[in-house]
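Encoded as structure tokens, the structure appears first; notes follow it.
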Amino acid sequence: MPTNHPLLSLSQIDTFYGAVQVHFGLNLHVDTGEIVCLLGGNASGKSTTMKVILGLLEPRAGEVWWGQTSWKKTSTPERIRQGLASVPEARRLFGDMTVGENLMMGAYVRPTFLRADRNEVLRDREKILDEFPQLRERFGQLAGTLSGGEQQMVALARALMSRPRLICMDEPTMGLSPLWVEKIWDLVTAINKQGTAFFLVEQNAHLALELAHRGYVLQNGHLVLEGTASDLRNDERIRDAYLGTDQMAGI
Ligand SMILES: Nc1ncnc2c1ncn2[C@@H]1O[C@H](COP(=O)(O)OP(=O)(O)OP(=O)(O)O)[C@@H](O)[C@H]1O
Ligand SMILES: [Mg+2]
């Protein structure tokens with residue numbers, strides 16, 4: 001297999017909700033070990049892109065590829081088995097389960113654990129808790145009682161439990177204080193250094209481009225810009241958006 005094939009690629013994706021078209025010929029890719037961000041204003045189709053990658057919404061045209069494998073007929077659990085993980089918008093933790101139990105759920109894909117060896121899963125959890133010492137302190141606490149930042153940390157740790165090659169995150173900084181954004185970004189950087197790729201959906205271009213290697217800008221379902229993070233940081237259209245609210249509303 002050629003090694004220059006992207007880890008994930010979306011090719012000519014058209015997506016619809018009923019008669020309403022959301023994506024128009026979307027092409028993007030994430031290489032092994034890369035951090036890629038998808039920027040864009042409200043309702044531009046960012047979260048829908050995540051749904052397409054996860055297999056929660058079938059595109060009407062185009063294909064999602066995992067390396068050289070088409071995911072056209074691949075279910076969400078099977079995509080997770082193959083190395084995809086997600087940290088959805090608003091985290092979606094199991095609020096009435098403890099932090100420790102939530103982490104275990106990350107190693108579980110219906111109907112079984114991703115790996116049969118439960119001791120190995122427990123060892124993974126220990127390793128992850130070493131990297132997230134704050135979560136070790138919260139191990140027995142119900143996830144629903146954690147702060148927003150702590151919940152985001154649990155969601156990221158839970159995603160790691162499936163030993164993913166790519167983690168998708170939707171608006172990971174939404175509602176977090178600058179201090180927590182920094183903490184989450186430090187964790188993403190540390191995890192990425194160990195070889196895991198990230199696909200980040202963000203409205204806040206400034207924050208996303210601090211972290212990402214490369215980015216795409218989506219506007220009403222069309223990609224209007226793409227490039228390295230430094231190209232995008234220096235692009236006038238992105239800079240103009242910064243001068244306002246720090247959001248992508250101007251794009
Ligand atoms: N389940 C759905 N049924 C019908 N329309 C939908 C559905 N989900 C999203 N849409 C519409 O599709 C468009 C794209 O939505 P999407 O959630 O992908 O945007 P987004 O870029 O993530 O926006 P935001 O920044 O607000 O999160 C919007 O116009 C939205 O109203
Ligand atoms: Mg969204």
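First listed ligand is number 1; within each ligand, the first listed atom is number 1.
Atom-to-atom distance recorded for Ile80:CD1 and Thr74:OG1 is 12.0 Å, nearest 0.5 angstrom. Between atom CD of residue Glu126 and atom CG of residue Leu103 there is a gap of 10.0 Å, rounded to the nearest 0.5 Å. Here His23 contributes atom NE2 and Ser44 contributes atom OG; the two are 8.0 Å apart, rounded to the nearest 0.5 Å. Rounding to the nearest 0.5 angstrom, the gap separating the CZ atom in Arg118 from the CZ atom in Arg123 is 13.0 Å.
Salt bridge absent: Lys46 and Asp170 never bring a charged side-chain N and a carboxylate O closer than 4.0 Å. Remark: Glu120 engages Arg163 in a salt bridge, criterion side-chain N to carboxylate O under 4.0 Å. Salt bridge annotation for Arg136-Asp130: present, with a cationic side-chain nitrogen under 4.0 angstrom from a carboxylate oxygen.
Protein nitrogen, oxygen and sulfur atoms, that is N, O or S, within less than 2.8 Å of the Mg ion (ligand 2) amount to 1.
Residue-level contacts of ligand 1 at the 4.0 Å heavy-atom threshold are Tyr17, Val22, Gly41, Asn42, Ala43, Ser44, Gly45, Lys46, Ser47, Thr48, Lys51, Glu171, Gln203.
Thr48 and Tyr17 form a side-chain donor-acceptor contact under 3.5 Å, judged by distance and modelled atom types alone. Glu78 and Trp71 share no donor-acceptor pair across their side chains, judged by distance under 3.5 Å alone.
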